[in-house]
Amino acid sequence: MKARGRALLVRLWDRLAASDPGLLRLIAGLRTVAAIALTLIVLASLRFPVPQLVAGAMAAMAATFAVREKDRSKQAVTVALSLPVALASVTAGTMLNRWPLVSDISFLLIIFAAVYGRRFGERATGLGLIGFQVYFLALFVRATPQMLPSLYIVITVAVACSAFARFVLMPQTEAGTLDRLRQAFRARLGQLLGTLIELLDAGPDDVDKVVDDLRTATARLHETALMIQGRLEGGTSDDATARLVRRRVADAEIAAERLGLMLLTARGAERTDTLTLHLPGAPVPPGRMLPVRDPVTETMRRDLEALRLLVLRPVGETAGTALAQVRNRLLGYREEDNLPEASPAVQDVFRGIGEAARAVLGLRTALEGPQDESDDTPATSRSREELDAEDAAIESEETDPEKPEETGLRRPTTRAAIQVTVGASLAILGGELLSHQRWYWAVLTCWIVFINTASTGEILVKGGRRLLGTVLGVVAGIGLAGAVGHHTWTAFALVLVCVFAMFYTAPLSYTLMSFFVTAALGLLYTLLSTYSTSVLVLRVEETALGAACGVITAAIVLPVRTDRRTNELLAAVLDKLAELTQAAVDQLSGRPHTDLVDQARELDQALADLRAATKPLTHPVTPLRSRRDTARYVVALLETCAYHGRALAATAELLPGNPKIAADPRLRGVCSRIVHNIEAIADHVRDPHSSAELEAGPNIAGMLEPGTLATPRYGRVTDRVLRHLQRLDETVSGLARPLGVPVKVEAAQKG
């Protein structure tokens, strides 16, 4: 029973780790709730009235979520500085409130400074948020000069409780966060392998749904890999360790994605296009279904289950003869050991299982230290030797030259500060017409829709989501306020629940976050004895006004059109893709070793930025259906290109530490045309009138020699590279059609 209970807990923990990588959302929600709860307990014990309790809760929340730095010592400095900033802000908000014009101007100056300060880093960003939120707090509780002494005590208690929750109750270190992200990566990799087992068993009616699940699992694994890469600098002991972990995580991700493509190919009548895993709704290649009762299929299912077991087995439970035998059997497929008699596509799946097992072995070694080698077979020993040689080949990372920053109105922070200030001015004017007492809700909405947005389309979508969440939250707030009545602590308890839900759902759905914020506000109004249905309806009106002011300002004042923003990011992705492809093929052709893993990470980050910027274009309610489909198709093609670029980089990284894999000078000539075509598309994106054209050429697959699947594994490296280049060439050519890039006629005729 104990073993079953422990296994159940492990499974539940894995699910939680997979759904919330690094437990970042959970910790953020619990830490904020703890800070607010501590503040309420302390203030209640000092017998502060309810309005001061509400002010303390809001101040504790602001002091907790505004500090976003990763280093604990930097966090401590920011928390210490937040107290004088908060005290100065509440003083200004209270003392100037008697002169409306002066108060409005000071509020606008605080807004401008808070947004402009983002250019100076996370500390300035956090302090700006605190200054804005505390000024808003003074307006919300209708602070008077007589209340200032008590508000000083309230804010001091709130900041102290926030610090206690951050550094004592729920400390968070970079090493601890990285460890939890590693667990999330392991859990999501296990989920992807579980989806592959479902794909193996899926019938014709279920295969489309399983492939959709496979797309989701692959995207979630990639998301976690990017999160790990972003935490390596502070979470590892030195730069060499960080680069080693980065490489092993990339290897595991690529091996898992390749295994999924191989299994899809084995199920179909033709080789699966990588686009199948990246384009929602892409058709699954038609063809046969693997026989469920076939001995080869049963062996494949068993080996996929065994690989999943190796991934999910916790640290300390990977030793033992049985697991060693499983690991040895899977790694043997890399050496052509015990490959079943089957079609080449099915044999490729077993080879893919072997490569994935090797990636899992390397990942465990990098994260958990040396493994037990007592039961190694020759195949396993050779895999370990390869990993050790690659580890030894890691060189010190070179610092990239800093790019010149934009100046003046071209600087994003300056432009955003002006936009928010103008939008807030409109919100103040309109808000005063709706309500002389609660006009600040419009200002708050205008402020929020500009946060973390960079184009007019993003602001429009964010404003719409906030309005929808507010309307739904008003309905919930009316119900909660009626149910709570005058039960003060019940209301505070529900506020804490809403605050936790707000922080836990914020990265997932802005609509849900707005819903919980508005529901909590209904309860706070009840506590302040200012609740009424008309107040919550006014909240909706002010929110709609603030969102409208934000959209209008973004469209008129220093606008950044969505098309312009996406084109800039698209060109950046293409530039990174060309650089990575050229560098990887240069290394595969025999040129000196460069840091390809970092270049692959830069490509992934640029693609993530583009994906976020295209959300207004791909939103379900957009009326421009063809434009939405084109944006989705282009992003999916770029994700396909990025996959092949990562695969080329991962293969090239094998060369410096593996003397059995030789460079192939033929690859340099194959790559030049692909890189030229990528650069031609980038030129056309920057300037639609560009004369750049794509060059057609001979099929790269023609360089593949017949019968290479039966050759030794090391002899197939060039063939694997050529296949990736072939797919990359096809995908880059596919980008030309939706982007309107012409193909050079002479070259096409010669090809």
Side-chain angles (χ1 to χ4, degrees), residues 32 35-44 46-66 82-83 85-100 103-104 106-107 110-111 129-162 428 431-432 435-445 447 477 481 484 486 488-489 491-492 494-496 498-499 517-532 534-536 538-539 542:
T32 306
I36 295 174
L38 282 173
T39 302
L40 293 176
I41 291 172
V42 173
L43 294 178
L46 296 175
R47 301 193 180 280
F48 276 84
V50 170
Q52 272 81 359
L53 294 181
V54 172
M58 296 179 67
M61 183 174 67
T64 304
F65 79 77
S82 67
L83 181 57
V85 170
L87 295 179
S89 184
V90 75
T91 301
T94 302
M95 299 301 295
L96 299 178
N97 196 32
R98 68 186 80 178
W99 302 292
S103 177
D104 292 347
S106 65
F107 199 13
I110 289 175
I111 290 172
L129 279 172
I130 291 172
F132 172 84
Q133 292 292 341
V134 173
Y135 196 101
F136 174 83
L137 179 156
L139 299 175
F140 183 80
V141 300
R142 301 182 184 179
T144 62
Q146 293 75 21
M147 295 172 59
L148 272 180
S150 61
L151 284 177
Y152 290 158
I153 298 174
V154 165
I155 291 174
T156 302
V157 170
V159 172
C161 290
S162 173
I428 289 175
E432 288 278 5
S435 172
H436 291 294
Q437 295 180 335
R438 295 184 175 86
W439 52 267
Y440 45 78
W441 287 123
V443 180
L444 179 66
T445 299
W447 157 280
V484 168
H486 299 288
T488 300
W489 291 107
F492 272 124
L494 289 175
V495 168
L496 292 178
C498 290
V499 167
V517 169
T518 306
L521 286 173
L523 293 167
L524 292 178
Y525 278 131
T526 302
L527 292 169
L528 293 173
S529 300
T530 57
Y531 165 78
S532 67
S534 61
V535 168
L536 291 182
L538 178 63
R539 158 82 170 150
E542 295 280 2

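A quick note: this is a predicted structure, and the numbers were derived from the prediction, not measured.
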Nearest 0.5 Å, what's the OG1-CG distance between Thr488 and Leu523?
11.5 Å
What heavy-atom pair brings Thr39 and Ala60 nearest, and what distance separates the two atoms?
OG1-CB, 3.4 Å
Thr156 side chain vs Tyr152 backbone, donor-acceptor pair below 3.5 Å:
yes
Test item: Ile36 and Phe492 side chains (from C-beta on) under 4.5 Å apart, heavy atoms
no
Would you mind reporting whether Met147 and Thr94 have side-chain heavy atoms less than 4.5 Å apart?
no
Got Arg142 and Gln437 here, is their nearest side-chain heavy-atom distance under 4.5 Å?
yes
Distance from Gln52 atom CD to Ile155 atom CD1, nearest 0.5 Å?
10.5 Å
Using every non-hydrogen atom in the two residues, find where Leu53 and Ala44 come nearest and quote the distance to one decimal.
CD2-N, 3.8 Å
Which is it for Ser162 and Phe65 under the side-chain contact (heavy atoms from CB on, under 4.5 Å) test, yes or no, and what are the steps along the way?
CA-CA 9 Å; Ser162 173; Phe65 79 77; over 6 Å; no
Where do Thr64 and Ala35 come nearest, in terms of heavy atoms and distance?
OG1-CB, 3.4 Å
For the pair Thr445 (side chain) and Trp441 (backbone), establish whether a donor and an acceptor sit closer than 3.5 Å, ignoring hydrogens and angles.
yes
Point-to-point distance, once rounded to the nearest 0.5 Å, from CG of Asp104 to CG of Asn97:
9.0 Å
Is there side-chain contact between Phe48 and Ile153, with at least one heavy-atom pair below 4.5 Å?
yes
Between Ile130 and Ala66, what is the shortest heavy-atom contact and its length?
CG1-CB, 3.5 Å
Could you check Glu432 against Ile428 for side-chain contact (heavy atoms from CB on, under 4.5 Å), going step by step and ending with a plain yes or no?
CA-CA 6 Å; Glu432 288 278 5; Ile428 289 175; 4.3 Å; yes
Looking at CG of Leu444 and CD1 of Ile111, how far apart are the two atoms once the value is rounded to the nearest 0.5 Å?
9.0 Å
So, for Ala143 and Leu151, which heavy atoms are closest and what is the spacing to 0.1 Å?
CB-CD1, 3.6 Å
If we only count heavy atoms from C-beta on, is the Val54 to Phe140 side-chain gap below 4.5 Å?
yes
Any heavy-atom pair between the side chains of Ser89 and Phe136 that's under 4.5 Å?
no
Separation between CG (Leu43) and CG (Leu38), nearest 0.5 Å, reads 10.5 Å
Using modelled atom types only, decide if a donor and an acceptor are shared between the side chain of Thr91 and the backbone of Leu87 within a distance under 3.5 Å.
yes
Verdict with reasoning, Leu538 to Val535, per side-chain contact (heavy atoms from CB on, under 4.5 Å)
CA-CA 5 Å; Leu538 178 63; Val535 168; 5.6 Å; no
Between Ala158 and Ala59, which heavy-atom pair has the shortest distance, and what is it?
CB-CB, 3.7 Å
For Tyr440, all residues meeting side chain to side chain donor-acceptor pair (under 3.5 Å), sequence neighbours excluded:
none
Rounded to the nearest 0.5 Å, how far apart are CG of Leu46 and OG of Ser150?
11.5 Å
Heavy-atom distance under 4.5 Å between the side chains of Leu148 and Met95, does that happen here?
yes
